[in-house]
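First the proteins, then the strands, lettered A, B, ... as listed; each starts at 1. All values below come from the heavy atoms of this structure, side chains included, with hydrogens, waters and symmetry mates left out.
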Amino acid sequence: MAIRAVRGFKDILPEETGLWRRIETLAQGVFNSFGLKEIRIPILEKTEVFSRGIGEHTDIVEKEMYTFSDRKGASLSLRPEATAGLLRAVNEHKLYAKSPVLKLFTMGPMFRHERPQKGRLRQFYQIDVELLGTKAPLSDVEVIWMAWDIIRQLGLMDLRLEINSLGCPKCRPRYRDDLRTYLKGVFQDLCPDCQRRCNTNPLRVFDCKEKSCKKIMEKAPLIRQYLCPECADHLSKVLDFLEVLDIPFVINPYLVRGLDYYVRTTFEIVSPDLGAQSTVAAGGRYDGLLKDLGGPDLPGVGMAIGVDRLLLLLKRDEEAPSIDLFVAALGPMARKKVIPWMGILRRNGVRVQMSYEDKGLKSQLKQANRLGAHYVIILGEDEIAREKVIVRNMSTHDQQEVSISSIILALETFI
RNA sequence: GUGGGCGUGGCUCAACGGUUAGAGCGUCGGGUUGUGGCCCCGAAGGCUGUGGGUUCGAUUCCCAUCGCUCACCCCA
């Protein structure tokens with residue numbers, strides 16, 4: 001039985017890495033234009049970073065983390081998301097002291113022990129952005145803007161931005177209480193799933209697919225009616241800016257994030273073509289988080305793009321891995337002659353390959369063709385005797401002889 | 001954690017319970033002893049996921065197990 005990769009962990013094969021690179025390069029370009037700096041952080045943290053950051057009673061922390069003890073008994077976890085660890089780093093190095101507003105991005109693998117399905121792996125990749133040190137609505141908008149730009153520039157048009165405000169510690173508790181009261185009143189009429197949700201995550205009841213539950217929830221109180229003046233004002237400013245930017249959005253009053261730290265703005269960018277896991281990017285504001293992690297009371301807003309999901313939406317452009325030149329050497333003499341030439345050409349950026357085996361000309365040309373070589377040079381005993389090399393253009397079938405002494409020069413003009 | 005679907009050469013898939021498990025693509029070789037793609041011919045490559053059971057006989061039916069996958073849940 002051959003060894004397989006761990007469940008939920010995937011190899012990214014050579015045919016896909018080009019696309020990955022394209023996404024990462026594009027994102028870096030966008031971040032650069034927005035003035036962000038890159039930060040690279042460990043994938044392993046003390047478990048505490050996540051339990052305090054994400055929330056002790058979230059699904060992520062309670063049942064999805066890869067947690068284990070190291071040899072000295074310390075509890076460590078593979079990061080299930082980037083924000084908590086990133087803020088730990090900001091705090092540890094007091095990065096906030098250097099400038100009033102910190103704009104950071106990072107990218108890499110995250111780990112959650114969930115049942116794998118389409119768009120959901122146990123090791124998955126995120127591109128993550130965090131803006132720290134400002135409460136301004138425009139910073140929320142910039143975060144959304146970056147996500148939107150990256151996704152649009154990849155050619156994806158069929159996307160929806162959903163946005164909501166979760167209020168703040170001032171106004172949310174009152175809403176939560178009223179919602180609980182309402183749910184208690186209709187508890188008998190809810191489906192079993194929702195009855196369970198009433199205790200674990202009341203806001204999720206809004207997401208239920210059952211018709212009866214949906215009907216009941218139409219009359220439920222909405223957070224929007226409970227927002228304090230500051231939160232309401234914040235939301236309306238965010239929406240205004242989105243309109244100025246011509247980024248279409250729908251307000252989704254049921255939009256909830258699974259992480260405890262979110263306040264005010266939350267958003268998701270969803271695609272209709274992804275199946276059940278339709279969120280391509282998501283984020284929101286988390287003003288109290290840095291303080292909860294033992295740092296100063298700095299506000300922040302951030303987002304993460306699910307790279308694997310983005311990839312599912314992009315067409316595989318299987319561009320032929322073409323090369324510039326294939327060197328067909330016939331016989332040991334010719335090989336020895338030709339190898340130094342390849343060195344010179346490669347140092348000049350020419351993509352050159354040759355056969356590792358001693359093969360016939362036909363087979364070598366076949367290989368050249370398969371590799372998509374634009375030119376082939378042919379060198380055999382005959383040519384060596386005449387001090388000549390054959391240069392063949394694979395698309396026009398033309399070939400001509402060039403003297404050995406001027407071959408490099410000649411090739412550089414060809415290619 | 002719960003449920004559905006599916007496991008056959010490298011890939012995509014055939015085979016009413018019945019001879020030696022096939023095809024296309026890909027790979028390699030030949031047709032052209034030194035000239036690619038197209039065409040023609042040929043070859044290699046399978047413990048039919050694994051273990052049990054039913055049967056004269058199982059790729060096919062049943063059970064278990066493992067794996068993949070989709071959905072629930074949850075989330076990027």
Between [M] and [N] - [atom1] atom distance, rounded Å:
{"N": "B:G57", "M": "B:U20", "atom1": "C1'", "value": "16 Å"}
{"N": "B:G17", "M": "B:U48", "atom1": "C1'", "value": "15 Å"}
{"N": "B:C40", "M": "B:U60", "atom1": "P", "value": "36 Å"}
{"N": "B:G22", "M": "B:G18", "atom1": "P", "value": "14 Å"}
{"N": "B:A15", "M": "B:A76", "atom1": "C1'", "value": "44 Å"}
{"N": "B:G4", "M": "B:U19", "atom1": "P", "value": "34 Å"}
{"N": "B:C11", "M": "B:U50", "atom1": "P", "value": "15 Å"}
{"N": "B:U69", "M": "B:G49", "atom1": "C1'", "value": "15 Å"}

Round to a whole Å and report the spacing from [atom1] of [X] to [atom2] of [N].
{"X": "A:Phe9", "N": "B:G67", "atom1": "CZ", "atom2": "P", "result": "14 Å"}
{"X": "A:Gln123", "N": "B:A76", "atom1": "CD", "atom2": "P", "result": "17 Å"}
{"X": "A:Leu330", "N": "B:U33", "atom1": "CG", "atom2": "C1'", "result": "13 Å"}
{"X": "A:Leu365", "N": "B:G36", "atom1": "CG", "atom2": "C1'", "result": "5 Å"}
{"X": "A:Phe50", "N": "B:A76", "atom1": "CZ", "atom2": "P", "result": "14 Å"}
{"X": "A:Lys10", "N": "B:G67", "atom1": "NZ", "atom2": "C1'", "result": "13 Å"}
{"X": "A:Asp59", "N": "B:C74", "atom1": "CG", "atom2": "C1'", "result": "6 Å"}
{"X": "A:Gln117", "N": "B:C6", "atom1": "CD", "atom2": "P", "result": "19 Å"}

Side-chain N or O of [X] versus OP1/OP2 of [N]: is the shortest distance under 4.0 Å?
{"X": "A:Arg7", "N": "B:C68", "answer": "yes"}
{"X": "A:Lys359", "N": "B:G29", "answer": "yes"}
{"X": "A:Arg370", "N": "B:U27", "answer": "yes"}

I want to verify a distance call: between [options], whose nearest atom is closest to the [X] side chain?
{"X": "A:Arg4", "options": "B:C72, B:G36, B:C68", "result": "B:C68"}
{"X": "A:Ala304", "options": "B:C72, B:G36, B:A76", "result": "B:A76"}
{"X": "A:Arg120", "options": "B:U35, B:C68, B:C74", "result": "B:C74"}
{"X": "A:Lys362", "options": "B:C72, B:G34, B:G36", "result": "B:G36"}

[N] base to [X] side chain: any donor-acceptor pair below 3.5 Å?
{"X": "A:Gln399", "N": "B:U35", "result": "yes"}
{"X": "A:Arg115", "N": "B:G1", "result": "no"}
{"X": "A:Gln364", "N": "B:G34", "result": "no"}

Nucleotide forming a Watson-Crick or wobble pair with [N], both distances under 3.5 Å:
{"N": "B:G67", "answer": "B:C6"}
{"N": "B:G29", "answer": "B:C41"}
{"N": "B:G18", "answer": "B:C56"}
{"N": "B:G1", "answer": "B:C72"}

Apply the test salt bridge (charged side-chain N to carboxylate O under 4.0 Å, His left out) to residues A:Arg79 and A:Glu81: give CA-CA distance (whole Å), side-chain angles for both, the deciding distance (0.1 Å), then the verdict. CA-CA 5 Å; A:Arg79 61 182 184 190; A:Glu81 54 101 58; over 6 Å; no
Are side-chain N/O atoms of [X] and [Y] paired as donor and acceptor at under 3.5 Å?
{"X": "A:Ser77", "Y": "A:Glu45", "answer": "no"}
{"X": "A:Thr279", "Y": "A:Glu268", "answer": "yes"}
{"X": "A:Tyr226", "Y": "A:Asp178", "answer": "yes"}

If each of A:Ser363 and A:Asn369 is mapped to the nucleotide of RNA chain B with the nearest heavy atom, which maps nearer the 5' terminus, i.e. the 5' end?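 Taking each residue's closest nucleotide, the earlier one in sequence belongs to A:Ser363.
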5'-most by nearest nucleotide on RNA chain B - A:His113 or A:Arg309: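 Residue closer to the 5' terminus by nearest nucleotide: A:His113.
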Any side-chain heavy-atom pair of A:Glu162 and A:Val270 under 4.5 Å: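 Yes, their side chains come closer than 4.5 Å.
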Using side-chain heavy atoms (C-beta onward) and a distance below 4.5 Å, is A:Arg7 in contact with A:Arg122?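 Answer yes - side chains close enough.
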Compute the centroid of each ring, for A:Trp145 and then for A:Phe34, and state whether the two points are separated by less than 6.0 Å. yes
Report which part of the nucleic acid [X] touches: base, sugar-phosphate, or nothing (heavy-atom distance under 4.0 Å, all strands).
{"X": "A:Ile127", "answer": "nothing"}
{"X": "A:Glu62", "answer": "nothing"}
{"X": "A:Gly360", "answer": "nothing"}
{"X": "A:Glu64", "answer": "sugar-phosphate"}
{"X": "A:Asp382", "answer": "base"}

Just say parallel, tilted or perpendicular for the rings of A:Tyr66 and A:His113, cut-offs at 30° and 60°. tilted
